[in-house]
Trainee: 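To start, I am sharing the structure in question, which I have written as structure tokens.
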Amino acid sequence: MKINNSITTLKWWRNKILWAVLASISLSAQAMTLTELQQTLSAPKVVRGDFSQSRTMAMFNQPLVSNGKFVIAANQGLWWHQTAPMAVSLVLTQNKLSQQFDNQPPQIMSADQNPMVFYFSHIFLALFNGDTSALDQQFNLKLTTLATDNNNADANNSTNQWQLVLIPKQAPLNKVFTRITLAGNKFINKLTLAEVRGDKTVITFSHQRTTPASLTTEEHRVFKF
């Protein structure tokens, strides 16, 4: 009798544990919609962080690696500040682009001067802003939601992991890229650009933060040109 009771008790606990595990998996892997992804990525008004970029090209045996910091600000644009292997500052807004090497004078370009450059620039601003509505006009989008890694203590991993694959619909994008892949959770953590000619660029983002919530004096100065 005691043996039967013990077996019954073990089965009861086994079923409880199994139910809890399945419920946890179901909740952590709950599908995210494109609208929810856009809301998540566009919620912060300012995001700062570090980047590491690796570009693999057929003409080189080793990848070209660069590192630096970035600032993406709503209604302002993107500041891409490469610090290694050489200092390069790239500032991109909706209608202007500024590029500066080391301490040389910045080179400034407007959308009227080179519409094709700004066509691609607006695509990249949409990528960094998570503007899936704008991206949907140019790409076929496939969003996959992955289970959260609860063993990772990183605060950036507090929401579902996701991956967004973008396949260009038409020229000129499909003449340059075969696909673009974004991956992340609360922030974009990885951006992969696969090109038609076989070259590939992988950008990994880290130490993303949203404070201070507004631009600093220096950042305001950078975006005013």
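Scope of the values below: all heavy atoms of this structure, side chains included, with no hydrogens, waters or symmetry mates. Every value quoted in this text rests on a predicted model; they were computed, and no experiment measured them.
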Trainee: Who are the side chain to side chain contact (heavy atoms under 4.5 Å, CB included) partners of T217, not counting sequence neighbours?
Mentor: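 Checked T217 against side chain to side chain contact (heavy atoms under 4.5 Å, CB included); zero matches.
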Trainee: Please report the shortest heavy-atom distance between D199 and A58, naming the atom on each side.
Mentor: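 What the structure gives for the nearest pair is OD1-N, 3.2 Å.
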Trainee: Identify the two heavy atoms, one from G68 and one from T83, that lie closest to each other, and give their separation to 0.1 Å.
Mentor: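 It is CA-OG1, 3.6 Å.
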Trainee: If I take atom CD1 from residue I203 and atom CG from residue L191, how far apart are they, to the nearest 0.5 angstrom?
Mentor: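 Answer rounded to 0.5 Å: 4.5 Å.
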Trainee: From Q76 CD over to S214 OG, what is the distance, rounded to the nearest 0.5 angstrom?
Mentor: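 That separation rounds to 11.0 Å.
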Trainee: Rounded to the nearest 0.5 Å, what separates atom NZ in K190 from atom OG in S52?
Mentor: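 With rounding to 0.5 Å, NZ (K190) is 11.0 Å from OG (S52).
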Trainee: Can you find a pair of side-chain heavy atoms, one from T145 and one from E36, that are under 4.5 Å apart?
Mentor: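 SC-SC contact between T145 and E36 ruled out.
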Trainee: So do T144 and V165 actually touch side chain to side chain, heavy atoms under 4.5 Å?
Mentor: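 No, every pair of side-chain atoms sits at 4.5 Å or beyond.
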Trainee: Tell me, please, which residues at least two apart from F205 pass ring-ring contact (aromatic ring centres under 6.0 Å, His included).
Mentor: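 So F205 forms a ring-ring contact (aromatic ring centres under 6.0 Å, His included) with F70, F128.
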Trainee: CG/D112 to NZ/K96 distance, rounded to the nearest 0.5 angstrom?
Mentor: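 If we round to the nearest 0.5 Å, D112:CG and K96:NZ are 10.5 Å apart.
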Trainee: Please check if F51 and V65 belong to a single hydrophobic cluster, counting links between Ile, Leu, Val, Met, Phe, Trp and Tyr side chain heavy atoms closer than 4.5 Å.
Mentor: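 No; tracing contacts between hydrophobic side chains, which count when under 4.5 Å, never links both residues.
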Trainee: Considering residues at least two apart in sequence or located in another chain, which fulfil the side chain to side chain donor-acceptor pair (under 3.5 Å) criterion with S133?
Mentor: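 With neighbours one apart ignored, the set is Q38.
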Trainee: Give me each pair satisfying salt bridge (charged side-chain N to carboxylate O under 4.0 Å, His left out) with a member in residues 116-127, each pair once, sequence neighbours excluded.
Mentor: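 Output for this query is empty, none listed.
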Trainee: Is any side-chain heavy atom of V176 less than 4.5 Å from a side-chain heavy atom of F120?
Mentor: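 Side-chain contact under 4.5 Å: yes.
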Trainee: Is there a path of hydrophobic side-chain contacts, each under 4.5 Å between heavy atoms, that joins M116 and F177?
Mentor: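 Hydrophobic grouping puts M116 with F177.
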Trainee: With sequence neighbours left out, write down each residue that passes salt bridge (charged side-chain N to carboxylate O under 4.0 Å, His left out) with R179, or none if nothing qualifies.
Mentor: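 Salt bridge (charged side-chain N to carboxylate O under 4.0 Å, His left out) check on R179 returns nothing, list empty.
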Trainee: Going through the distances and angles, do L41 and T132 end up as a side-chain contact (heavy atoms from CB on, under 4.5 Å)?
Mentor: CA-CA 10 Å; L41 295 179; T132 57; over 6 Å; no
Trainee: I'd like to know whether CD of E218 has more than 12 heavy-atom contacts from other residues, nucleotides or ligands below 6.0 angstrom.
Mentor: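 Atom CD in E218 is crowded, with more than 12 foreign heavy atoms closer than 6.0 Å.
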Trainee: Roughly how far, to the nearest 0.5 Å, is CG of D102 from OG of S89?
Mentor: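 The CG atom of D102 is 11.0 Å from OG of S89, to the nearest 0.5 Å.
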Trainee: Less than 4.5 Å apart, side chain to side chain, heavy atoms only: is that true for Q113 and F118?
Mentor: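 The answer is no; the side chains never approach within 4.5 Å.
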Trainee: Remaining members of V46's ILVMFWY cluster at a side-chain heavy-atom cut-off under 4.5 Å?
Mentor: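 Noted: V46 shares its cluster with V71, W79, V91, I108, L215, V222, F223, F225.
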Trainee: L78 versus F124: any side-chain heavy-atom pair under 4.5 Å?
Mentor: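 With C-beta onward as the side chain, the pair stays apart.
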Trainee: Can you sort out the partners of Q99 under side chain to side chain contact (heavy atoms under 4.5 Å, CB included), two or more places apart, ordered by chain and number?
Mentor: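 So Q99 forms a side chain to side chain contact (heavy atoms under 4.5 Å, CB included) with V88, L90, L97, F101, Q107.
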Trainee: Of all residues at least two apart in sequence or in a different chain, which pass the salt bridge (charged side-chain N to carboxylate O under 4.0 Å, His left out) check with E195?
Mentor: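 Scan of E195 (salt bridge (charged side-chain N to carboxylate O under 4.0 Å, His left out), adjacent residues dropped) gives R55, R197.
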Trainee: Would N140 and K169 count as a side-chain contact (heavy atoms from CB on, under 4.5 Å) if you check the C-alpha gap in whole Å, the side-chain angles of each, and the deciding distance to 0.1 Å?
Mentor: CA-CA 6 Å; N140 291 315; K169 292 180 179 180; 3.4 Å; yes
Trainee: Do W162 and L143 make a side-chain contact, defined as non-hydrogen atoms from C-beta onward lying under 4.5 Å apart?
Mentor: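 They are in contact (side-chain heavy atoms under 4.5 Å apart), so the answer is yes.
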Trainee: Heavy atoms only: give me the nearest V47-P44 pair and the separation to one decimal.
Mentor: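 Where V47 meets P44 most closely, the heavy atoms are CG2-CB, 3.7 Å.
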Trainee: Among all residues two or more places apart in sequence or in another chain, which pass the side chain to side chain contact (heavy atoms under 4.5 Å, CB included) test with T178?
Mentor: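 Result, side chain to side chain contact (heavy atoms under 4.5 Å, CB included) vs T178: A194, V196.
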Trainee: Pick from H207, Q208, E219: which one makes a side chain to side chain donor-acceptor pair (under 3.5 Å) with R48?
Mentor: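 Exactly one pass, corresponding to E219.
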Trainee: Return the minimal non-hydrogen interatomic distance between Q100 and P105, and the atom names on each side.
Mentor: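 Here Q100 and P105 meet closest at CG-C, 4.4 Å.
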Trainee: Give the minimum heavy-atom separation between G184 and N189, together with the two atoms involved.
Mentor: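 Heavy-atom minimum between the residues: CA-ND2, 3.7 Å.
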Trainee: Under 3.5 Å, side chain of Q53 to main-chain N/O of T201, donor-acceptor pair present?
Mentor: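 Side chain of Q53 to backbone of T201: no pair is present.
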Trainee: Restricting to salt bridge (charged side-chain N to carboxylate O under 4.0 Å, His left out), what partner residues turn up for K142, sequence neighbours left out?
Mentor: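 Partners of K142 under the salt bridge (charged side-chain N to carboxylate O under 4.0 Å, His left out) test: none.
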Trainee: Taking only residues two or more places apart in sequence or in another chain, which ones pass side chain to side chain contact (heavy atoms under 4.5 Å, CB included) with Q138?
Mentor: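 Counting only residues at least two positions away or on another chain, Q138 forms a side chain to side chain contact (heavy atoms under 4.5 Å, CB included) with Y119, I123, Q170, L173.
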Trainee: I need the L125 CG to I72 CD1 distance, nearest 0.5 Å.
Mentor: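 So the gap between those two atoms works out to 6.0 Å.
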Trainee: I'd like to know if the side chain of N129 reaches the main chain of S42, judged simply by a donor and an acceptor atom lying under 3.5 Å from each other, with no hydrogens or angles considered.
Mentor: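 No, the answer is negative, given that no donor and acceptor are paired below the 3.5 Å cut-off.
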Trainee: Which residues pass the side chain to side chain donor-acceptor pair (under 3.5 Å) test with K69, sequence neighbours left out?
Mentor: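 Expected list: D50.
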Trainee: Quick check on the hydrophobic clustering: are F60 and L193 connected, directly or via other members, by side-chain heavy-atom contacts under 4.5 Å?
Mentor: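 No; L193 is not reachable from F60 via cluster members.
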